[in-house]
Structures are given as C-alpha cells and as structure tokens.
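Each ligand, and each atom within it, is numbered from 1 in the order the structure gives. Residue numbers run from 1 in the order of the sequence given. Since the model is a prediction, treat every value here as computed from it, not as a measurement.
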Amino acid sequence: MSDKFDVIIIGAGPAGYVAAIRAAQLGLKTACVDAFTGKDGKQALGGTCLNVGCIPSKALLDSSRQYWNIAHNLPAHGISVDNPKVDMATFIGRKDKIVKQFTGGIGQLFKANKVTPYFGTGKLLKGNSVEVTAADGSKQTISATNVILASGSIPIELPFAKFDGKTIVDNAGALDFTAVPKRLGVIGAGVIGLELGSVWRRMGAEVTIIEALPDFLSVADADIAKIAAKEFAKQGLDIKLDAKLNKAEVKKDGVHLTYTDKSGEQKLVVDKLLVAVGRRAYTKDLLADDTGVKLDERGRILVDEHCHTGVDGVWAIGDAVRGPMLAHKGSEEGVAVAEWIAGKAGHVNYDTIPFVIYTEPEVAWAGKTEKELKDAGIPYRVGTFPFAAIGRAVAMNEAVGQVKMLAHAETDRILGVHMVGPGVSELIAECVVAMEFKGSSEDLARIVHAHPTLSEAVHEAALSVDKRAIHKGN
Ligand SMILES: Cc1cc2nc3c(=O)[nH]c(=O)nc-3n(C[C@H](O)[C@H](O)[C@H](O)COP(=O)(O)OP(=O)(O)OC[C@H]3O[C@@H](n4cnc5c(N)ncnc54)[C@H](O)[C@@H]3O)c2cc1C
C-alpha cells in the first residue's frame, strides 16, 4: 500500500477518530496515527475519552450509583439488602471490559471504513509529511495533502503535588484504585474532581475536595450550582472553597496536605490524592520546528474559526485547540474539518454545545447563564420548574433540582437552559435542538411532552417563562 494519503490525522481520540471516519466516508484516502497504549500493551484507539475519560468514568459512576442506592434509595422503596459487598476486581474489571469493547470498536470501524491506523508518535514535518515513531524507536514517514492535528490534552500537574501513579494520581490513577481509599483528597472541584470524587464517596471513602476558587462551579448558572452544592454536601462530599493547596507530602500514614483558606493554614491527611486542576493541550513531539504551525499563549494549537492553522492543508481540532474540552465538541470539529477538506459545508455551532456533569443529581446546561446575560445587558425572562413537582421524578424518589430556562425578553428566543436533577444529561438535548433551530420558549411550551416523564420539567419551565406553568404557582 502506498503511504501517500489524502488525509492523515494525528490522534485517535473522539476528535481524531471521528474526523478519520468522516474523511473516509467522503472517499478520502485516510490514515490515523495514535500512540495510546492500553493496559495490554497494545494500541488502544479512542484517546483520553475512551481509555481514561468519559467512558470509564461513566462506567464507575454507574457501578457506584448502584451501590450507593442500596443504602440511600432502595429503603424508600421498601427494599432492603443486608451486608452488601463489593468485589473490587469485578468493579474495576467491568469498567476495563467496557473500555476494551469501545477501543476495539474503533479499530473495527477503521477497518470497515478503510482508515489505515498507525501505532506510534506522529510528528508533523514541513510539507505535510508525518514521521511516525513506533515504541521500538523505528521510524517511517507518510505524507498527505491534508493533516489534521488531534493530539488532545493531558492533566495539569502541580509542582508541589507531582503524580506518582499510586498515591498522588491523575484521572487515570483514580479510575484504577484497587481498594476504596478510606480518605480521598481531591484538588479541584471541576467536572473531573466532582465525578471521580462522587464515585469514591459512594463507595464509602471520606472525600475532601479542595478548590481554589471562591465560588462553587462558577462555569455553571449560579442558581443551579447552589442547588448542586447543597445536594453534594448532603452526600458527604466535603467541598472546601477558596482553599489553595500549598504542599502535599507522601508519608507512611498518607499524603499530608497543607492548604490555605480564609481562616489561615490548614492541614489534612488523606490516603490518596487526586489532582484534578484542569487539563492542557498536548503538543509534545508533535511539530517539527519549521512547520509554521503556531501555539497560543496557553500552549494550544492556534486555529481560526474553521480549525485551520494558517499553514496550507494543516488543521487542528479537539482539546488541542481553543474551546471547551469536551468529546462531542472535538468530534463535531472532526466532522466539520473532514467536510471542509472534501469541499462540503462543515458546521460547528459553538453557542449550543451542551455541558454535562454526571454526578447525582446530574448537572447540564447549554447557552448563556443568567449572569452572562446580565453582564451583556441582554433583556431576558426566566422560567423555572422544580423536579419536586414532576410525578415521574417523585415516583423514582429522585425529585431534586430544577430546570431553569432563559429567553430573550422581546423575541422569546431561548438563550440558555440550565438544569440540575435526575436524567438532565438526556433532557438537555431537547433544549439544544430548540436552540439550534432558534426556537422560543413558546415553541417548547406548545410541544406535547409525554406524561409522566422527566421531560415535563422542560415543558413546564418553558411555560413558566411566560408565567403560565400549570403545576406550580407563577
Ligand atoms: C476523567 C475524565 C472524564 C471525562 N468525561 C467527559 C464526558 O463525560 N464528556 C465529555 O464530553 N468529555 C469528557 N472528558 C473530556 C474528554 O475526554 C476530552 O474532551 C476528549 O477526549 C478530547 O478528545 P481529543 O480527541 O481532542 O483528545 P484525546 O481524547 O486526548 O485524544 C488524543 C489522542 O492523541 C494521541 N496523541 C497525542 N499526541 C500524539 C502524537 N504526537 N502522535 C500520536 N498520537 C498522539 C493521544 O495518545 C490520544 O490517544 C473527560 C475527561 C476526563 C479526563
């Protein structure tokens, strides 16, 4: 087989592998280079998301939720289980099996679509060639008319709390504990800290989350963040805000943390420490010096609104470029770039990307927060509806949280929808569709929603924008 391609993609995460499949579907001769090695030492396609991110975290969130429910939800249904036991090998093994199923699935999709995979580190050379270095150091060079850089991101390491893979860990380490830590410290109350903190809290760990920012979940709408904080506190997640970690020392009896909060210096000893203070674009060994591809001030590959680097035929997508670090954002960029390369009309609407936190309750939103609208001076109306008044949520014994809808005061166009509650990771999709079609709250209010479903909370919130919700006072 010739090693000249129409498109080479470096990185087979959700940005890169999706770009590869779409490019191949469009008839382009496509290769995808990836260096990720699975637990079995073989190539594992799917990047962070499939190997150590979205999928394994959701697998453990689901397993831990089942366990938590035994003591915290089933009794309300009149069901009790004596002495529930956890088999850690099965708990972690189930997650590993799911990961293998999905990473293997990408290999099959590549085969079906005739994408050629390369296993090794890809380096972009001047003139759109890619040097692939295998694990044994052997090199080969392939070339293409177009190269898409999709090298993703890696966890940010704190200089005073370096990862050792055992006691001070990143996301990958926290997905692979062999026993439930008695005391787990988490640095960072962002999505990853909250999700993985929740997993181990539900399994019985005492979890303390140390967050430097004064406001909890400041990226979310303030009302939603407030409800979520209250629910997480009820579950025993001890979230310390405005608290900065200064030191983490691994000693015989655990990790000794020193942090500063409003009252001064504090000490805490934990058995394991998860550092989840964010991720940064990964570009190590990706670019030869003379490619002309530039990085921005945060080390991300610099691109325009069409994910183009400014160098002929070189594009970049996913976590390696600006925008939210989300799998579906990267995937949509991958599809769009493949379509642009094929001369078609690609499209990514960055204003309607949904954000989801898979805690209990879940948190989800799309569009502007109330604060963003206020700051921008945009006139708006608010509709809210609590899950406490939703029959299905009450029947499930999960009636916490609310849906909050923000619509333009004059045009009624939906500008943002924010939710905390059961199943909101799925409910947000309806709102994204409405927003994508430039819909109004009136549009959603006039649509028939099945009864009894959780989606009635969206319907009622839409009605509430116009102060005509049926099942609450307006
Ligand atoms: C614990 C956790 C949970 C998450 N949960 C969610 C979630 O629920 N939903 C969501 O949307 N997002 C989630 N994310 C974020 C999501 O994983 C990322 O946004 C997504 O993986 C980014 O996709 P990507 O393709 O840009 O990069 P990545 O998935 O990071 O993939 C990049 C790939 O490129 C490879 N690579 C890098 N450089 C080279 C090179 N030079 N040569 C060859 N290969 C290279 C890497 O090995 C990797 O396989 C989560 C992340 C974590 C850590």
- Message: Would Pro14 count as a polar contact of ligand 1, with the cut-off being nitrogen or oxygen pairs under 3.5 Å?
- Response: yes

- Is any NZ, NE, NH1 or NH2 atom of the basic residue among Glu195 and Arg202 found under 4.0 Å from an Asp or Glu carboxylate oxygen of the other? no

- Message: To the closest 0.5 Å, what do you measure between CZ (Arg183) and CG (Leu257)?
- Response: 10.0 Å

- Message: Applying a heavy-atom cut-off of 4.0 Å, say which part of Ile192 lies close to ligand 1: side chain, backbone, both or neither.
- Response: side chain

- Compute whether any side-chain donor of one residue and acceptor of the other, for Trp365 and Asp221, lie under 3.5 angstrom apart. no

- Message: Quiz question: by atom type and distance under 3.5 Å, do the side chains of Tyr350 and Glu332 form a donor-acceptor pair?
- Response: no

- Item | Numbered atoms and elements of ligand 1 in range of Ser57, under 4.0 angstrom, heavy atoms | 3 (C)

- Measure Arg279 to ligand 1 on non-hydrogen atoms and call it side chain, backbone, both or neither using the 4.0 Å cut-off. side chain

- Is there a side-chain contact between Val186 and Val207, using heavy atoms and a 4.5 Å cut-off? yes

- Message: Heavy-atom distances under 4.0 Å decide this one: backbone, side chain, both or neither, for Asp34 against ligand 1?
- Response: both

- Task: Go through the steps for Ser425 and Glu362 under the test side-chain hydrogen bond (donor to acceptor under 3.5 Å, both in side chains), then give the verdict.
- Result: CA-CA 7 Å; Ser425 58; Glu362 293 180 340; 2.8 Å; yes

- Message: So, regarding Val52 and ligand 1 (criterion: nitrogen or oxygen to nitrogen or oxygen, under 3.5 Å), is there a contact or not?
- Response: no

- Item | Best match, Ser425, Ser151, Gly193, Gly152: closest heavy atom to atom 38 (N) of ligand 1 | Ser151

- for atom 45 (C) of ligand 1, nearest protein heavy atom and its distance come out as Ala35 N, 4.2 Å

- Item | atom 10 (C) of ligand 1 - nearest protein heavy atom and its distance | Ala327 N, 3.5 Å

- Message: Regarding atom 24 (P) of ligand 1: of the candidates Pro155, Ala15, Gly323, which has the closest heavy atom?
- Response: Ala15

- Task: Just go through Asp319, Ile317, Val356, Ile353 and tell me whose heavy atom is the nearest to atom 26 (O) of ligand 1.
- Result: Asp319

- Query: Which ligand 1 atoms, with their elements, are less than 4.0 angstrom from a heavy-atom of Tyr358?
  - Reply: 8 (O)

- In terms of residue, atom name and distance, what is the protein heavy atom nearest to atom 43 (C) of ligand 1? Gly120 O, 3.2 Å

- Message: I'd like to check which ligand 1 atoms, numbered from 1 as shown, lie under 4.0 Å from a non-hydrogen atom of Cys49.
- Response: 17 (O), 21 (O), 29 (O)

- Does ligand 1 have any atom that is closer than 4.0 Å to a heavy atom of Gly330? no

- Item | Candidate with minimal heavy-atom separation from atom 16 (C) of ligand 1, of Gly53, Gly11, Cys54 | Cys54

- For atom 15 (C) of ligand 1, what's the nearest protein heavy atom and its distance? Met325 O, 3.8 Å

- Query: What do you reckon, does Lys58 put a non-hydrogen atom under 4.0 Å from ligand 1?
  - Reply: yes

- Taking the six-membered ring for Trp and the full ring for Phe, Tyr or His, determine whether the centres of Trp200 and Phe91 are under 6.0 Å apart. yes

- Which atoms from ligand 1 have a heavy atom of Tyr282 less than 4.0 Å away? 37 (C), 38 (N)

- Query: Of the choices Asn171, Ile10, Leu124, which has the non-hydrogen atom that lies closest to atom 39 (C) of ligand 1?
  - Reply: Ile10

- Message: Tell me the nearest of Ala281, Gly122, Gly318, Ala276 to atom 42 (N) of ligand 1, using heavy-atom distances.
- Response: Gly122

- Note on the structure: Within 4.0 Å of some non-hydrogen atom of Gly47, the atoms of ligand 1 are 29 (O), 31 (O), 48 (C), 49 (O)

- Message: I'd like to check whether Glu195 has a polar contact with ligand 1, where a contact means an N/O of the residue lying under 3.5 Å from an N/O of the ligand.
- Response: no

- Query: Of all the atoms in ligand 1, which lie at a distance below 4.0 Å from a heavy atom belonging to Leu286?
  - Reply: 41 (N)

- Out of Ile92, Leu60, Val169, which one pairs with Phe177 under the side-chain contact (heavy atoms from CB on, under 4.5 Å) rule? Val169

- Query: Side-chain contact, heavy-atom cut-off 4.5 Å: Lys123 with Thr133?
  - Reply: no

- Decide yes or no on side-chain hydrogen bond (donor to acceptor under 3.5 Å, both in side chains) for Lys126 and Thr291, but give the supporting numbers first. CA-CA 5 Å; Lys126 195 176 176 189; Thr291 60; over 6 Å; no

- For ligand 1, indicate whether the residue Tyr17 contacts it via side chain, backbone, both or neither (heavy-atom separation under 4.0 Å). neither

- Crowded around Arg392 CZ? As in, over 12 foreign heavy atoms under 6.0 Å? no

- Message: So Val180 and Met88, do their side chains get closer than 4.5 Å, heavy atoms only?
- Response: yes

- Message: For Asn349 and Glu436, which I'm curious about, is there any donor-acceptor pair between the side chains at under 3.5 Å?
- Response: yes

- Are a donor atom and an acceptor atom from the side chains of Arg65 and Tyr358 found within less than 3.5 Å of each other? no

- Item | atom 31 (O) of ligand 1: the protein heavy-atom neighbour that sits closest, reported with distance to 0.1 Å | Gly13 CA, 3.4 Å

- For atom 29 (O) of ligand 1, grab the closest protein heavy atom and report residue, atom and distance to one decimal in Å. Thr48 N, 2.9 Å

- Criterion side-chain hydrogen bond (donor to acceptor under 3.5 Å, both in side chains) on Ser218 and Asp215, from CA distance to verdict: CA-CA 6 Å; Ser218 53; Asp215 296 322; 6.0 Å; no

- Task: Establish, for the pair Lys29 and Phe5, whether the NZ or CZ atom is under 6.0 angstrom from the six-membered ring centre and no further than 45 degrees off its axis.
- Result: yes

